[in-house]
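One structure is given below, encoded as structure tokens.
Computed from a predicted model, the values in this text were never measured in an experiment. Start at 1 with the first residue, then count along the sequence.
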Amino acid sequence: MGIPPAGIDAPVASHDEGIWGSDAVAVMLRKLDIPYLALNPGSSFRGLHDSIVNHLGNERPQMLLCLHEEHAVAVAHGYAKVTGRPMGVILHSNVGLMHGAMAIYNAWCDRVPMLILGAAGPFDAAERRPWIDWLHTARDQGALIRPYIKWDDQPVSLPASLESLLRAVNLTRSTPMAPTYVCLDVSMQERRLEAMPEFPDPKRYAAPSTSVPSSDDLAAAAALLDGAKNPLLLLGRLSRSPRDWARRVALAERLDARVLTDIKVGAVFPTDHALHAAKPGHFLDEAGARCIRQADVIVAFDWVDLAGTLAQGGGAAAAKVVNVALDHHLHNGWSMDHQALPPADLHLSGDPDLALHLIADELGVGPGTIPGTLRALPALSLDGPPRELDVVSLAAAVGEVLRNEVVSLVRLPLGWAGDSWHFRHPLDYLGSDGGAGIGSGPGMLVGAALALKGSERLPIAILGDGDTMMGVSALWSAAHYKLPFLAIVSNNRSFYNDEIHQERIARTRGRPVENKWIGQKIGEPDIDIAAIARAQGLVGIGPVSTTDGLVTAVREGLAAAKSGKPVLIDAQVKPGYNPTMAAGMTREGSRTTGA
């Protein structure tokens, strides 16, 4: 999967005259099985750029040109959400790293693998050009992002650089996953070599084996579940593996355990299964809260914000809580993405997917049935006469056309109701951006489309208008590399999430809620998002504002996407969120931003 058409950005045959430091770095990236390098060009890595093109022929890895560093990181993020494997990103010097920082934070919070390469002017001050090399050199470039990456290095010599790359790839691939960063000296890249160095063999430096909880803890967790009258499984950040999916279902069925999933992460359990007890959401609805209150044993598998979820459910004082996660290894004092400290009667420190298999083994649970080509199932019917679009009728109209298609929902907007579609395969839905950093959606869609190209699945994204406009130039890369997808912009022409917050503040202070739109509404003039898409080489459709108009637009867009084109539809909707989301966003202590 994920191979752009041959001939795109193909270089002419190279006539090498000599070997350079960056040639060795490029060869090492190939040995480490890095398939792509998303980048926006910069002189700090001009040597490596040349080596990828003229020494490797722009293959394995292939460069993917992006129009902004933030998009380059988001592309790698979307790719990792499909494959579970890292691709590479190159960021120009300190300024490119600053551009990419928000997207790196998203990837960190989403716990995805990614190899980020930085570069700087000469570390040796005597080698720096006047002015520009000084501006683009930092003594400790990794300090800009160190609180939200797993590991970083700024090696000086070529041997040290090769070792750093090896370590960075191994660390980003090991659970808990997160981005790693290596900053390469421009002088090292441009130094002529007498011969290629001896490369470390990646097979001799294997990544750490997956962490496994102790046998006593596994037996204790299995015993708690086996003796429970009302067990509850909280399935969080888990793999896209169909094998793992099948075992989760088999375990739940063996225990007759209710299951909750989270729309902030990808699909991990069939949401139309009888044991799936509440619609997935950013916050618990009453059905989910009731599950928390009624459970006598709760087992959480790398659940995002376990403490907050238990609190939303009214507490779990009557339940034994088992927390299965390795995430504590990434918790630090700068980023609060680790959330509140959850109560846990038993904390199994191990890879959550493997731990679930081992608990299932303890209970004699079979492998389950691997899902076949089951389609994500639209759950809403488009009944009645044509009407003005809102988020709910948008979901119904899109489902009307895509009901019989095999799709991957790459992104969904904040206002999406979790029961609008049912997920029945681990690639049916890929989850959110991780860190609630707006502007990532278009780039992540491009990365997911890259990973899914050549598969049976068509990438679909329902994007917010604010998210789209912040990241819209990422879409050019999809047109250039001929990556098909269908994006529908749920365009409420407002940063509506913050309208909700301003309404709450106004009500609290006895001030007019009629002013909540000021500083939030995106209008006068409206933005022609479809025209911006067309200007970058996509098929742009719309704007449409009614259910029948959207059905027609999606049919047209589907045909174009199936012919290999990226498509964007501007669907203008009435502002509004589903009630659970609106309540969660304005709950005391809630702080979130979005479009």
Side-chain angles (χ1 to χ4, degrees), residues 78 81-82 263 266-267 270-272 279-280 371-384 386-387 389-413 415-431 441-442 444-446 448-449 451-464 468 478 483-491 530 533 538-573 578:
K81 286 175 81 73
V82 173
I263 209 164
T271 55
D272 58 347
K279 62 186 179 184
T373 56
L374 288 174
R375 294 170 172 85
L377 181 66
L380 304 177
S381 297
L382 191 61
D383 298 323
R387 57 194 182 275
L389 285 169
D390 57 19
V391 174
V392 174
S393 60
L394 179 147
V398 172
E400 182 79 9
V401 181
L402 300 181
R403 187 173 300 275
N404 296 316
E405 303 296 329
V406 180
V407 303
S408 284
L409 294 172
V410 176
R411 288 291 291 274
L412 297 172
W416 188 267
D419 54 355
S420 297
W421 284 56
H422 287 303
F423 310 136
R424 303 191 290 173
H425 186 280
L427 287 175
D428 278 354
Y429 172 60
L430 301 183
M444 290 175 64
L445 171 58
V446 173
L452 290 168
K453 186 172 177 64
S455 75
E456 64 178 351
R457 290 183 169 268
L458 178 66
I460 306 290
I462 316 294
L463 302 171
T468 299
L483 303 175
F485 59 68
L486 179 59
I488 299 101
V489 180
S490 179
N491 184 3
L538 281 76
V539 175
I541 303 172
V544 297
S545 58
T546 61
T547 51
D548 57 335
L550 182 55
V551 167
T552 300
V554 174
R555 283 181 178 144
E556 178 186 345
L558 177 63
K562 284 186 170 182
S563 73
K565 298 174 182 177
V567 180
L568 180 143
I569 298 171
D570 181 0
Q572 295 187 343
V573 300
N578 70 82

| Criterion side chain to side chain contact (heavy atoms under 4.5 Å, CB included) on L430 and L409, from CA distance to verdict | CA-CA 6 Å; L430 301 183; L409 294 172; over 6 Å; no

Indicate the atoms forming the closest heavy-atom contact of [X] with [Y], along with that distance.
X: G564; Y: P484; value: C-CB, 3.7 Å
X: P413; Y: S490; value: CG-CB, 4.4 Å
X: A449; Y: L483; value: CB-CB, 4.1 Å
X: A396; Y: S381; value: CB-O, 4.2 Å
X: L458; Y: A561; value: CD1-CB, 3.9 Å

[Y] backbone acceptor or donor facing [X] side chain under 3.5 Å:
X: S455; Y: R457; value: yes
X: T547; Y: R387; value: yes
X: T271; Y: F423; value: yes
X: K565; Y: A560; value: no
X: R403; Y: P378; value: yes
X: T546; Y: P386; value: no

Can you tell me how far the [atom1] atom of [X] sits from the [atom2] atom of [Y], to the nearest 0.5 Å?
X: R411; Y: T468; atom1: CZ; atom2: OG1; value: 9.5 Å
X: N491; Y: S545; atom1: CG; atom2: OG; value: 10.5 Å
X: M444; Y: L463; atom1: CE; atom2: CG; value: 10.5 Å

Does the side chain of [X] reach to within under 4.5 Å of the side chain of [Y], using non-hydrogen atoms?
X: I569; Y: L486; result: yes
X: I460; Y: I488; result: yes
X: P459; Y: V407; result: no
X: Q572; Y: L389; result: no
X: D570; Y: V544; result: no
X: P371; Y: P426; result: yes

| message | For L538 and F485: C-alpha separation, side-chain torsions, deciding distance, then whether side chain to side chain contact (heavy atoms under 4.5 Å, CB included) applies. | response | CA-CA 10 Å; L538 281 76; F485 59 68; 4.0 Å; yes

| query | Under the side-chain hydrogen bond (donor to acceptor under 3.5 Å, both in side chains) criterion, do H422 and R375 qualify, and how do the steps go? | reply | CA-CA 9 Å; H422 287 303; R375 294 170 172 85; over 6 Å; no

| task | Please lay out, stage by stage, how E405 and L558 fare under the test side chain to side chain contact (heavy atoms under 4.5 Å, CB included). | result | CA-CA 10 Å; E405 303 296 329; L558 177 63; 3.7 Å; yes

| Parallel, tilted or perpendicular: which fits the ring planes of W416 and W421, with parallel below 30° and perpendicular above 60°? | tilted

| request: Evaluate the side chain to side chain contact (heavy atoms under 4.5 Å, CB included) criterion for residues V554 and L550: first the C-alpha distance (whole Å), next the side-chain angles of each, then the deciding distance (0.1 Å), finally the verdict. | output: CA-CA 6 Å; V554 174; L550 182 55; 3.8 Å; yes

